[in-house]
Structures are given as structure tokens and as C-alpha cells.
J.: 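One structure, as C-alpha cells, below. Some questions next.
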Amino acid sequence: MNKTAKEARKTNARTRAEKEKPFKDMDILDHLEKIHEITASTGLENYNPKGKRHLDYLTKKLGVSPLQAVLFSHFLAQGDDNNIHIKQIADSGHCNPIRMVKYMTECEELEKKKLIRCSRGNGSVSYRIPFEVKDSLRKNNEYTPMNKDKLDINKFFVILEELFEEKSNGELTSEALTGELLNLIKENMQLEFCKKIMSYNFHEDDLVLLACFCHLFGNNNDDHIGNHDFGSIYDNKFLLKEITSDLSAGTHNLIENKFIEFNNDDGFVNNESWKLTDIAKKELLSEINVKKSKNYKKNLVLFDTIKAKKMFYNSRETKEIETLSSLLMQENYSKIQERLDGKGMRKGFACLFSGAPGTGKTETAYQIARETKRNIMMVDISRIKSKWVGESEKRIKEIFDTYRNAVENSEITPILLFNEADAIIGKRKEFSAASRAVDQMENTVQNIILSEMETLCGIMIATTNLTQNMDNAFERRFLYKIAFDRPGIEIRKGIWNSLLPDLSEEQLIELSSKFDLSGGQIENITRKIEVDAILTGKDLILENLTQYCKDEVENSFNSIQKSIGFMP
């Protein structure tokens with residue numbers, strides 16, 4: 001054997017020795033990694049004698065069976081995936097998916113030990129490993145679920161929120177939620193909240209609902225609670241329908257016993273929105289400091305900071321926009337709301353502005369706000385969507401809660417503006433066992449928005465480019481719908497003249513007739529011309545202007561082709 005080969009063998013031996021720690025120096029994660037490594041090649045139940053040593057350690061340390069330890073190692077190997085499916089575990093352990101059905105009992109045991117969480121929402125089953133489990137393993141500690149007895153009131157309400165979130169995420173059944181909630185209360189009878197809520201001797205369904213209302217107010221300062229806030233509590237949809245019906249009719253036990261009451265908007269009862277009564281808050285929540293509502297003012301665009309801008313519309317658009325502006329003038333708006341409320345009709349104004357990009361939808365919303373002296377609360381759609389389960393739903397609910405707070409504390413109702421809302425008002429997806437969690441999340445977000453639009457007590461404007469992809473349920477809820485057409489020749493001529501008044505009549509006619517551009521495109525071109533003027537010292541270079549128009553038309557055409565090519 002030559003010298004080079006000997007050196008290579010020594011190097012490989014040193015590498016193996018470094019990789020394989022002495023057994024006594026291995027921590028929990030090392031043992032789990034070793035078991036995963038062995039069973040990933042031999043199969044979930046075919047671990048060799050060397051693997052048995054690691055399993056003996058893990059079964060004792062984690063309090064699980066050998067097979068449960070193997071399965072857990074494969075769950076852990078999926079990394080930060082919060083939607084782990086059984087097929088992934090089968091693939092990881094080279095196991096037939098049919099055999100994995102036999103292992104579901106072992107997975108349920110891991111779930112009972114809180115080492116994994118299982119979501120069974122909307123017909124799809126997925127798993128995740130909670131952060132606190134990974135954190136304990138990282139510190140070489142066996143995971144022990146936190147003791148939930150003798151908590152202070154703040155920690156109690158944190159656990160209360162976690163329970164309802166787990167139910168909302170499909171990680172608890174209604175029966176399990178009720179059981180865990182009752183245990184949590186009984187283990188903390190030193191708290192006035194627990195003493196009081198148990199002293200009422202309510203039926204379990206009523207107790208869970210009351211606890212949910214207390215959580216929503218205590219943790220979120222939520223005083224506008226709709227059925228979308230508590231609907232996820234109930235697996236039985238007939239029971240949910242019965243409870244919602246009783247609440248709407250005012251015959252529910254919690255209403256009759258003065259724990260819950262209707263919201264009262266401007267003197268008119270809203271029988272689709274409820275809150276805790278002052279008596280209930282005083283009796284049940286005297287121990288806690290309720291979180292303050294988020295400062296809505298920082299989210300507002302003040303109407304007096306919006307610059308006046310001359311807008312150009314065709315005759316139909318002009319009439320519709322003038323009508324809407326007139327309706328939103330404060331004197332008219334107050335009379336209309338009062339009349340609608342008196343007839344038992346929804347008094348919210350939900351408006352849809354649709355049309356191609358650059359046709360003035362967003363700017364029109366701003367100019368209406370300026371004219372009617374209404375501030376704007378702008379919604380950033382990109383911030384709503386989150387990869388984390390439950391986070392997007394919380395964000396959209398928070399937006400409407402913040403807007404309600406703004407309405408209640410503003411002399412003149414502000415406008416809630418969902419700009420480029422295509423992503424959240426599109427057609428809802430049909431579910432199957434293979435549905436992605438993100439699809440289910442998007443449907444849940446849409447359902448929350450639909451429910452909020454039903455009880456809207458303000459003004460909402462949504463802008464969209466693609467009305468043909470809009471869900472019918474959204475279309476029905478928009479009271480006013482204005483379609484923005486691309487400007488015709490005369491309107492284009494007016495836009496060119498307003499932005500570049502030095503153009504001659506002939507130049508205006510040529511540009512307007514030759515190039516089919518939107519108002520937004522014309523504005524972009526004039527900005528480029530202004531930049532040219534600064535660089536060259538010349539006010540207007542007609543050659544550049546014509547070329548910019550050609551470029552804009554070409555780019556617009558390419559953009560349309562791409563959108564058609566990738567249209568789902």
C-alpha cells in the first residue's frame with residue numbers, strides 16, 4: 001500500500017472517530033440522530049443491536065416505547081416543517097404507507113405525551129413538533145409538559161389563549177378542549193376567575209363559550225365578537241348553528257343571565273356581534289390588566305395630507321364616483337346609516353373599485369377621502385399572509401379590530417382601504433385530503449373577511465385588477481361597485497395636457513390617438529421626461545417622449561402575455 005493510501009485511511013478513521021462520540025458523551029439529540037440514521041436505511045422496526053443501546057436510553061429518558069422513539073426521530077428529522085404528513089415519515093423510514101396506518105396508535109401516544117401536535121382540520125391530518133419540545137431537547141432535557149396548577153392570573157390567561165389556538169388549529173377536538181379547560185380551571189381554584197366561573201354551575205358548552213369570551217376580551221381587548229371568533233370551538237356544526245341562533249335571538253343562557261350582550265352601534269342593536277357585559281367583566285376579570293387596543297392612529301393616512309389631484313374619467317365613471325362621494329359626505333352618510341339601521345339593514349359601506357392597472361382606482365379612493373374629510377387606514381395585503389398556521393387569521397382579525405377602534409374613536413368614520421385585494425377576495429378553494437395547509441389558511445382568512453363585512457359599521461374600499469376571479473360571496477357584499485375603464489382618446493388627451501401643458505394641440509392629438517395608455521402609464525412617462533429635463537437642461541424632448549410611449553406599450557403587452565401564461 002502506498003503512502004497516499006495509508007494517509008487517506010488514517011484520515012477516514014479520524015473522521016469516523018470524531019463523528020461517533022463515545023456513548024457516555026452523547027446527549028438526547030445525538031441518540032435521536034443515531035436512531036434516525038440507522039432506521040432510515042434499515043426500516044422503522046429493523047434496528048440492529050447497536051441501535052438498541054440508543055433506544056434503551058431514549059425510552060427511559062423520554063418515557064416512550066422503542067417504536068415511538070423511532071417515529072419521533074423521524075418527525076424531528078423533518079426540521080421546521082409545521083405540516084408534517086404521514087407519507088413523509090413513511091418515505092423517511094422506507095415504510096409502506098399501509099403499514100404506517102398500524103403505527104397511528106403510536107403517533108397518538110406521542111401526541112398524548114405532547115411531544116408532537118396533530119392537526120385534523122378540514123379533512124387533512126398533519127403534525128408538528130412544538131418549539132418548547134425542541135428547546136428542551138436542545139438543552140439535553142427530557143420534555144415534561146408544563147405544570148398548569150397554581151398559576152398566577154396572567155400565566156393562566158396565556159395558557160387559556162394557547163388552548164383556544166390549538167383548537168382553532170385543529171390540534172384539539174371539542175371534547176379534548178373541554179376536558180383540558182376544565183382541568184386548567186380546577187387546578188387553579190386559588191384564582192377568583194376560576195372560583196367564579198365554576199360557581200355558576202353552567203353546562204359545559206356554556207362554560208367553554210364564556211371562557212372563550214373572557215379570553216378574547218382579556219387577551220385581545222376584543223369587544224366585538226362574531227361567530228367566526230368562537231365557531232372553531234365546536235366540531236358539531238349543528239350545535240354551532242343552534243348556539244349562534246340562540247345568541248342572535250337573545251335567548252341564549254349567557255345572554256339571559258347577563259354575561260353576554262349584543263353590541264350596540266350608534267343606538268342600534270347588532271344581533272350578529274356580542275361582548276361581555278360590564279357585570280361579567282367586573283366579576284370575572286377584576287384580577288387582570290386587559291391589554292390595551294393597538295394605537296389605530298399610527299395606521300392612518302390623514303385626509304388633510306392628501307394632495308389634490310385632477311382626475312379624468314369617462315361619463316359613466318364620473319357619475320358613479322360623484323354619487324359615492326356625495327353619499328360619503330358626513331351629513332348624508334349619517335342620515336343614510338340611521339335609515340338603514342332603522343330598517344334592520346346592514347349599514348356598512350363596502351365598495352369595490354375594479355379595472356386594469358393605472359386606471360386610477362387607488363388615487364380615486366384617496367381623492368374621495370380628501371373631499372369627504374375622511375382619514376384612510378391602509379391595509380398592506382403582503383403583511384397579512386404568513387407561513388405560520390393561525391398567524392394570518394390573527395392578523396386579519398387584528399386589522400378589523402383596529403379599524404373598529406378607529407371608527408369608535410373618530411368623529412368622522414375613516415375609510416378601510418384594501419389596495420390590490422386580488423389575493424384575498426379570489427375564489428375560495430375546494431378542500432380534499434391532499435389540500436395544502438396554505439389553501440386552508442387562505443379560505444379561513446376569506447371567511448373572516450366575509451363575516452366582518454357582514455357586520456361592518458364603517459367604510460371599506462377594495463381595489464382589484466381581476467374581477468373575473470372574485471368569489472361570488474364577496475361580490476354580493478360590495479354595496480357599490482365601480483369599474484374603471486382604460487381612458488379613451490379624449491380622456492388621454494386631457495391627461496397629457498394636465499401633465500405636460502407645453503405640448504401643442506397636434507402633439508396632444510398624436511400621442512392620444514397613437515398610444516393606448518392608462519393614466520398611470522402616462523404619469524410614469526411624464527416623470528421620465530422631467531428627469532430628462534434635469535439631466536439635459538431642456539424642457540421637452542419630443543423624440544424621447546415618443547420612445548418612452550413605445551416602450552410603455554411594449555412593456556405593458558409583455559406583462560399581459562406573462563399574466564395570461566401563468567394564470568391559474
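Count residues from 1 along the sequence.
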J.: State which residues pass side-chain contact (heavy atoms from CB on, under 4.5 Å) with D401; sequence neighbours excluded, sorted by chain then number.
T.: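 D222, K397, R404.
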
J.: With sequence neighbours excluded, tell me which residues meet side-chain contact (heavy atoms from CB on, under 4.5 Å) with K307.
T.: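 Expected list: none.
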
J.: Considering residues at least two apart in sequence or located in another chain, which fulfil the salt bridge (Lys or Arg N to Asp or Glu O under 4.0 Å) criterion with K335?
T.: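 With sequence neighbours excluded, K335 shows a salt bridge (Lys or Arg N to Asp or Glu O under 4.0 Å) to E331, given in chain and number order.
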
J.: Would the distance check show the side chain of S410 and the main-chain N or O of V407 forming a donor-acceptor pair, the cut-off being under 3.5 Å?
T.: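 Checking the backbone N and O of V407 against the side chain of S410, no donor-acceptor pair under 3.5 Å is found.
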
J.: Return the set of residues passing salt bridge (Lys or Arg N to Asp or Glu O under 4.0 Å) with K150 (not counting sequence neighbours), or none when no residue passes.
T.: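 K150: no salt bridge (Lys or Arg N to Asp or Glu O under 4.0 Å) contacts found.
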
J.: Is the backbone of S326 close enough, under 3.5 Å, to the side chain of N332 for a donor and an acceptor to pair up by distance?
T.: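 Pair found, side chain donor or acceptor close to backbone of S326.
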
J.: Taking only Lys NZ, Arg NE, NH1 and NH2, and the carboxylate oxygens of Asp or Glu, determine whether D223 and K281 approach each other closer than 4.0 Å.
T.: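 The answer is yes: the pair qualifies as a salt bridge.
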
J.: Taking side-chain contact (heavy atoms from CB on, under 4.5 Å) as the test, write out the residues that go with Q68, two or more places apart.
T.: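 If we apply the side-chain contact (heavy atoms from CB on, under 4.5 Å) test to Q68, skipping adjacent residues, the hits are V64, S65, E106, E109, L110, K113.
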
J.: Excluding sequence neighbours, so at least two apart, what forms side-chain hydrogen bond (donor to acceptor under 3.5 Å, both in side chains) with E261?
T.: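 side-chain hydrogen bond (donor to acceptor under 3.5 Å, both in side chains) list for E261, sorted by chain: empty.
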
J.: Is the backbone N or O of N271 less than 3.5 Å from a side-chain atom of S248, with the two atoms forming a donor-acceptor pair by type?
T.: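 Between the backbone of N271 and the side chain of S248 there is a qualifying donor-acceptor contact (under 3.5 Å).
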
J.: Run the salt-bridge test on D135 and K139 with the 4.0 Å N-O cut-off and return the result as yes or no.
T.: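 Looking at D135 and K139, the cut-off is met.
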
J.: Mark yes or no for whether N375, through its side chain, and I415, through its backbone, hold a donor-acceptor pair below 3.5 Å.
T.: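 No; zero donor-acceptor contacts below 3.5 Å.
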
